[in-house]
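Every chain is numbered from 1, with letters handed out A, B, ... down the list of sequences.
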Amino acid sequence: MNTPPSWSGSSLLVFKPRPSLPAPRQTVGIIGWLRTNLFNGWFNSLLTVIALGLLWQTVPPLLSWAIFDAVWTGGSDACPPGYEGACWVFIFNKFRVLMVGLYPGDLLWRPMLAGGIFVTLAAVTVLRLMNPGKLIALWFLLPLPFYWLIAGGLGLTAVDQSLWGGLMLSLGLATIGVLISLPLGILLALGRRSNVAIVKSICVGIIEPVRGVPLITILFMASVMMPLFLPVGLNINNLLRVQIGIILFSAAYMAEVVRGGLQAISLGQYDAAKSLGLNYWKTTALIVLPQALRHVIPSLIGRCIALFKDTSLVIIVGLLDFLGMVKASAQDPEWLGHDTEAYVFCALVFWIICFSMSRYGRSLERQKEEE
Amino acid sequence: MISQDIMIQMIDVNKWYGNFHVLKEINLTVHKGERIVICGPSGSGKSTLIRCINRLEEHQEGRIIVDGIELTKNLKNIEKIRSEVGMVFQSFNLFPHLTILQNLTFAPIWARRMPRAEAEKIATKHLERVRIPEQADKFPGQLSGGQQQRVAIARALCMNPKIMLFDEPTSALDPEMIKEVLDVMIELANEGITMICVSHEMGFAKTVANRVIFMDGGEIVEENEPNEFFNNPRWDRTQLFLSQIL
């Protein structure tokens with residue numbers, strides 16, 4: 001309280017704000033942070049000490065294995081059996097197979113070009129260098145030239161699909177999977193909410209059975225059983241069948257995610273759009289979906305990540321995707337005993353890609369919140 | 001200002017929600033330029049009645065003819081009527097992902113195929129009319145309830161409707177904001193647009209309505225010009241209702 005000066009009655013009291021004082025030293029800065037986060041009470045302090053001990057036990061050996069004692073140059077004889085450090089030479093040596101599988105060495109520029117364009121487009125998307133409409137159009141157009149580059153034909157040497165593999169195959173299956181299953185999932189979700197009984201039953205009839213079986217089952221069906229049912233002469237190749245299986249599986253899940261978003265839209269939005277004379281498709285495309293999809297961005301990104309990881313199951317039906325190539329490389333008799341390096345590298349690549357998608361999803365959410 | 005041209009005609013209209021009879025034998029004729037206020041207790045079918053006029057609800061029996069077009073299952077007719085009938089809702093129902101200006105230009109551009117520049121010109125004109133031109137680039141969530149409702153009115157006006165339907169436009173507003181919305185509605189009424197308004201604002205009914213309708217239990221109980229309606233109701237049910245809200 002300000003002590004009231006004597007009031008003469010002729011003028012108003014003058015209020016003078018007190019100066020701000022610095023906060024007590026224990027509550028701010030590094031010391032403050034340590035006190036509130038790491039040493040806040042005896043139990044917390046104990047946990048901090050134990051955690052520090054564990055880190056001390058694990059991090060230095062890990063670093064010396066992965067970096068200081070690791071072998072970075074040389075041939076297959078550079079890491080003798082029983083050597084303590086990581087043998088990254090093995091990864092360097094196998095890098096090409098891990099990335100593109102058995103793709104012919106003299107045509108390597110084709111997947112490299114495709115990969116370059118892919119990474120560029122991904123960067124443009126993440127950094128938002130282009131307007132969303134054009135970006136989406138580009139993503140949907142891209143698979144065609146990519147297919148031409150990888151498969152050949154029309155002037156390029158044809159490369160058989162049994163030679164495709166590695167990360168290229170995983171990313172290809174996942175990208176095309178997302179590009180087709182998302183719109184398909186949206187249509188299924190809309191159909192499931194349709195008033196037309198036949199449309200609704202068809203959509204439920206697709207979504208529920210597909211969601212009810214594991215992806216492995218679908219891949220087996222696509223790879224082994226579908227050819228038995230196809231008419232003689234109609235021969236869809238294995239890769240395409242597997243891709244269709246992945247798309248169906250993913251679309252069923254996307255549909256349920258999108259349906260959740262659709263349910264969050266109030267009926268008043270439909271009333272307003274109808275009362276302005278807008279038809280069903282315009283209302284859906286321009287009023288309902290933009291809001292519904294915004295609500296479910298986190299789950300949709302989650303589905304994309306899951307889809308990318310799920311592609312590693314195609315190894316079951318004989319396709320050599322990234323994980324398949326990692327496994328095959330680890331069994332190379334010339335490089336025996338390097339499973340650890342192979343799987344650590346595999347995990348690292350998966351993690352980088354999935355984590356990037358996750359971060360991109362977060363930034364999308366934040367951007368929408370600001371609007 | 002009221003001419004003999006009939007804008008809306010409802011003949012023996014019946015409607016059920018499942019087994020519940022919400023509208024019973026509704027007969028109503030609205031002439032061009034009329035300003036009608038519908039009141040009545042909740043659940044009496046007021047909202048359902050005006051929502052039938054632009055087919056947000058479907059009636060099962062009877063005929064509804066709006067500006068010479070009969071409402072049937074014909075989708076073309078329904079869209080045509082909807083673009084001639086503007087509607088304002090209790091809960092505003094602005095499109096939250098679009099700016100105020102985009103909310104206003106949306107229907108002219110997408111339902112009428114109007115060029116963007118022209119639609120924006122018209123939108124700006126109507127925003128000035130409801131006295132919030134400075135909010136054009138904000139999103140609905142950034143506006144007060146009264147401002148949002150005025151935007152909703154402007155949005156309906158951008159389609160240049162012959163009829164305006166108001167479904168309890170001030171019921172969701174703070175007392176201080178009711179006046180700013182009513183002022184805009186009074187101005188509209190004075191310009192001669194045909195209006196049907198579900199409302200409990202009896203002051204508004206007295207100033208602008210040329211007919212007040214009282215509904216209960218899905219029926220039109222009483223309709224009269226406002227002076228007679230308020231001072232000299234003919235039915236006991238009307239008198240009871242008026243004694244409770246006035």
Side-chain angles (χ1 to χ4, degrees), chain A residues 128 131-136 186 189-190 193-199 257-258 260-300 361 363-371, chain B residues 47 50-51 53-58 75-99 102-114 137-142 148 151-152 154-161 163-167 172:
Chain A
R128 302 200 176 81
N131 89 26
K134 279 185 196 154
L135 256 181
I136 292 171
I186 292 173
L190 291 172
R193 288 166 57 90
S194 165
N195 294 324
V196 186
I198 180 100
V199 174
V257 170
V258 173
L262 290 174
Q263 270 163 348
I265 307 299
S266 81
L267 291 177
Q269 294 289 305
Y270 296 90
D271 281 350
K274 276 190 209 163
S275 76
L276 289 165
L278 291 152
N279 64 24
Y280 172 81
W281 286 109
K282 283 175 190 164
T283 305
T284 304
L286 302 165
I287 299 294
V288 177
L289 279 179
Q291 294 183 59
L293 293 180
R294 220 168 268 202
H295 287 307
V296 293
I297 288 174
S299 324
L300 283 179
S363 77
L364 266 186
E365 274 173 66
R366 228 171 289 138
Q367 185 196 2
K368 299 301 175 195
E369 271 163 26
E370 279 163 18
E371 278 177 7
Chain B
S47 292
I50 69 165
R51 285 165 65 88
I53 294 173
N54 64 352
R55 197 63 161 201
L56 290 185
E57 303 286 351
E58 196 176 324
L75 279 176
K76 278 269 166 299
N77 279 357
I78 294 174
E79 270 172 39
K80 202 167 168 198
I81 286 175
R82 281 178 180 160
S83 68
E84 287 188 5
V85 180
M87 189 160 194
V88 175
F89 302 86
Q90 180 178 351
S91 48
F92 325 136
N93 296 344
L94 295 177
F95 305 130
H97 62 302
L98 302 177
T99 64
Q102 287 168 338
N103 263 278
L104 267 65
T105 56
F106 188 80
I109 290 174
W110 290 99
R112 284 247 170 92
R113 299 170 185 283
M114 191 185 281
D137 296 322
K138 289 196 181 163
F139 285 90
Q142 297 168 298
Q148 288 194 49
V151 171
R155 178 175 70 175
L157 291 176
C158 280
M159 289 296 276
N160 197 19
I163 302 165
M164 282 289 283
L165 306 174
F166 292 86
D167 189 1

Quick one, [X] and [Y] - any side-chain contact, counting heavy atoms below 4.5 Å?
{"X": "B/His97", "Y": "A/Pro290", "answer": "yes"}
{"X": "B/Arg51", "Y": "A/Asp271", "answer": "yes"}
{"X": "A/Leu276", "Y": "B/Arg82", "answer": "no"}
{"X": "A/Leu278", "Y": "B/Phe106", "answer": "yes"}

Check each atom of A/Leu286 against the heavy atoms of chain B and say whether the ones under 4.5 Å are side chain, backbone, both or neither.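 When you check distances to chain B, atoms from both the backbone and side chain of A/Leu286 fall under 4.5 Å.
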Structural part of B/Arg155 lying under 4.5 Å from a heavy atom of chain A: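 Contact with chain A is through both the backbone and side chain of B/Arg155.
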Part of B/Leu94 lying under 4.5 Å from any heavy atom of chain A: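 Just the backbone, heavy atoms under 4.5 Å.
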Show the nearest heavy-atom pair for residues B/Phe95 and A/Gln269, with the distance to one decimal.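 Looks like CD2-OE1, 3.2 Å.
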If you take all heavy atoms of B/Glu79 and A/Gly277, which pair is closest and at what distance?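 Answer, listing the atom of B/Glu79 first, then A/Gly277: CG-O, 4.2 Å.
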Exam field: side chain B/Asn93 to backbone A/Ala272, donor-acceptor pair closer than 3.5 Å: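 Side chain of B/Asn93 to backbone of A/Ala272: no pair is present.
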Taking A/Lys282 for its side chain and B/Trp110 for its backbone only, find out whether a donor-acceptor pair lies under 3.5 Å.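 Yes: the side chain of A/Lys282 pairs with the backbone of B/Trp110.
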Give, for atom NZ of A/Lys274 and atom CE of B/Met87, the distance between the pair rounded to the nearest 0.5 Å.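 Separation between the atoms: 11.0 Å.
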Nearest 0.5 Å, please: how far is OG in A/Ser275 from CG in B/Asp167?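 Reported to 0.5 Å precision, the distance equals 11.0 Å.
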Are more than 12 heavy atoms from other residues, nucleotides or ligands located less than 6.0 Å from atom NZ of B/Lys80?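 At most 12 heavy atoms, drawn from other residues, nucleotides or ligands, come within 6.0 Å of this atom.
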